[in-house]
Amino acid sequence: MNADVILINGRFSTLDRSNPNPQAVAISDGKFVGAGTEQDMRALAGPATQVIDLGGRRAIPGLIDSHMHIIRGGLNYNMELRWDGVRSLSQAMEMLKRQVAVTPPPQWVRVVGGFTEYQFAEKRLPTLDEINAVSPDTPVFILHLYDRALLNSAALRAVGYTKETPNPPGGEIQRDGAGNPTGLLLARPNANILYSTLAKGPKLPPEYQLNSTRHFMREMNRLGVTSIIDAGGGFQNYPDDYAVIEKLHEDGEMTLRLAYNLFTQKPKQELADFAGWAKQVSPGQGDDLYRHNGAGEMLVYSAADFEDFRFERPDMPPSMEQDLEPVVRLLAENRWPWRLHATYDETITRALDVFEKVNKDVPLQGLNWFFDHAETISDKNIDRIAALGGGIAVQHRMMFQGEDFVERYGAKAAERTPPVARMLEAGVPVGAGTDATRVASYNPWVSLAWLVTGRTLGGLKLYPQRSLLDRETALRLWTDANTWFSTEQGKKGQIAAGQLADLVVLDRDYFSVPEDEIQDIESVLTLLGGKVVHGSGDFADLAPELPPAMPDWSPVRTFGGYQKRADTGAAKYAFVGCGCSSACNVHGHNHARALGAPAPASDEGAFWGALGCSCWAF
């Protein structure tokens, strides 16, 4: 057999314990066929073999996100201005201002998740006055986590919210003294008001949605992701809203492997949803690029808690168990794996009561069912999950919401949110993901930094040393461990003979860079089934062509996606109208200039921070 591709001169971390650090890797027919000495791999070369010199760079298996909403996110990616990675509000507002200038009516400018106010040097969100000053006429919608949305006056007019518009259940339209909407929408704690308002905006036509999804997949390739388990989502109906991804699959334009879960859309009719879908599709149906993965993360609406830590924990209604049991029984009888969104231990306790009851009649072992999130799960419930053969998929939402959790529940409670190390000790299958795009960023390296450092984006230390993961363990949660959650163990996740040839070459060495740099890593070369799907720098010539983002006013054309920290110096983004253009009350200097200076003005414990510059006079 002649190899199609041979990779040499790389530092390979295979995650195959029997062969952890080979010198070279060979690929044929979409799979790894060898990993060993360079001499042995070169012996597999033929006249048409492509030999790629990695220049001593670190190579790892392709990353797998076990919880993301890429099908829904792809339909909208080209319309969204991403503040992911932006480190100053002044830069964020300058980006908003530039996008407003090129967005034609009746289109909106949308910032839909992926950031937190704590990542900004200013430690705050923009005010409604600041947003209206930037955009008096173009609708602006900014979604912050699951807790609020900021709409300018033009957006309020576009969605039709007036003094007469009632508050929806679980949501609040904030009003001024005269009863008029201000533009602030609050989840109390139900985020449906945020999502239903966003859904009122213009949509891209199908041909643009195809282009948008391709750009989003390539953005994920740039960050080293080669597989995603899609967790469904609100306003994502099957099969209608899957037409775009299925068209891309049919046309051979997938640059990610995708396993999708089906998310019920009809409160009080959830059982009918799953009964109907069970007749249309079965778990595993599809191929290695696009396949069905089971049910969830919404199984029944009465079992869905909310993760807005600025609001008190919601109690699930008394009907939860009687609603959930027939759905779980149907899934178990049809051998459908499922995933269930559950933030709080109280929700998990009640769901496990149902699972254990069904298990007495229909054994759950071997179904690869699991909980998502589980921030406050107890040791007792971890052990109950282990006994039932379930798993837990964790996401780095606490990196974005940790400060809010600590403020409400205290630093001690935050030390185990979620207790990943304890889950692993119990033998529970654990995988990692992002829950992007409406809360946390889709960047996997931000998640890996959270697992290793235990810090929020704002720098708050959440976890004691005993709860942190070493770098290899964290990487395993993003590779071979995640294959359990799509029932693909042994098929991918390692650089090993016989597995799918998904591999990433990194721009810096994950295993040796300072902890603070982990979140800045990206790929310079990404292979999917041995084919290049992304290349930059020395490998740019290997990258396949990608049409420009559509429409021509797309924020992706101007800004791309995740913003590198190296490109976010506030001194070049002094936005007039933001507090950063005001003078320091102590020193009289311009705050934006101070933010870009080498003095540690944002460090509360340092000299300049102690004098008050870190508060930015807000």
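In this text the structure is predicted, and so the values were computed from the model without any measurement.
- Of the possible polar contacts, one joining the S212 side chain to the G74 backbone as a donor-acceptor pair under 3.5 Å is found.
- Distance alone, capped at 3.5 Å, is enough to place a donor-acceptor pair between the R82 side chain and the V112 backbone.
- Distance check: R257 CZ to H249 NE2 gives 10.0 Å after rounding to the nearest 0.5 Å.
- Between F355 and F371, the ring center distance clears the sub-6.0 Å criterion.
- For the pair D84 (side chain) and F115 (backbone), a donor-acceptor distance under 3.5 Å is absent.
- A side-chain contact (heavy atoms from CB on, under 4.5 Å) with I228 is found for exactly one of T434, I70, I71, namely I70.
- A salt bridge between D353 and R384 is present, with a side-chain N of the basic residue lying under 4.0 Å from a carboxylate O of the acidic one.
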Please test R58 against S13 for side chain to side chain donor-acceptor pair (under 3.5 Å), starting from the C-alpha separation and ending with a verdict. CA-CA 7 Å; R58 177 69 62 184; S13 295; 2.9 Å; yes

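- The two residues A426 and A386 come nearest to each other via the heavy atoms O-CB, 4.0 Å.
- N368 contributes a side-chain N or O that, together with a main-chain N or O of W484, makes up a donor-acceptor pair within less than 3.5 Å.
- Salt-bridge formation is not detected for the pair R397/D372: no Lys NZ or Arg NE/NH1/NH2 atom is positioned less than 4.0 Å from an Asp or Glu carboxylate oxygen.
- With no hydrogens or angles considered, a side-chain donor-acceptor pair links T349 and N381 at under 3.5 Å.
- Note on R422 versus D379: salt bridge recorded, some NZ/NE/NH1/NH2 to OD/OE distance being below 4.0 Å.
- One finds a salt bridge joining R329 and D361 here, because a Lys/Arg side-chain nitrogen approaches an Asp/Glu carboxylate oxygen to under 4.0 Å.
- Heavy-atom minimum distance, L63 versus L223: CD1-O, 4.0 Å.
- Using a 4.0 Å cut-off between charged nitrogen and carboxylate oxygen, R476 and E472 count as a salt-bridge pair.
- The ring-ring contact (aromatic ring centres under 6.0 Å, His included) check on F274 picks up W277, with sequence neighbours excluded.
- Note on R339 versus E297: no salt bridge recorded, every NZ/NE/NH1/NH2 to OD/OE distance being 4.0 Å or above.
- Of the charged side-chain nitrogens involved, none lies within less than 4.0 Å of a carboxylate oxygen, so that D305 and R350 do not count as a salt-bridged pair.
- Taking the six-membered ring for Trp and the full ring otherwise, the centers of F263 and Y238 sit at least 6.0 Å from each other.
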Could you walk me through whether L469 and L424 pass side chain to side chain contact (heavy atoms under 4.5 Å, CB included), step by step? CA-CA 10 Å; L469 303 186; L424 292 170; 4.1 Å; yes

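- A donor-acceptor pair is defined here as one N or O able to donate and one able to accept, closer than 3.5 Å; such a pair exists between the side chain of Q401 and the backbone of E307.
- Between R471 and E515, some side-chain heavy-atom pair lies under the 4.5 Å cut-off.
- With contacts defined as side-chain heavy-atom distances shorter than 4.5 Å, the pair E321/K357 does not qualify.
- Judged by distance alone, with hydrogens and angles left aside, the side-chain atoms of Q499 form a donor-acceptor pair with the main-chain N or O of Q494 at under 3.5 Å.
- Between V428 and I382, the closest heavy-atom pair is CG2-O, 3.7 Å.
- For the pair R438 and Y195, the cation sits on the ring face: its NZ or CZ lies under 6.0 Å from the ring centre, inside 45° of the axis.
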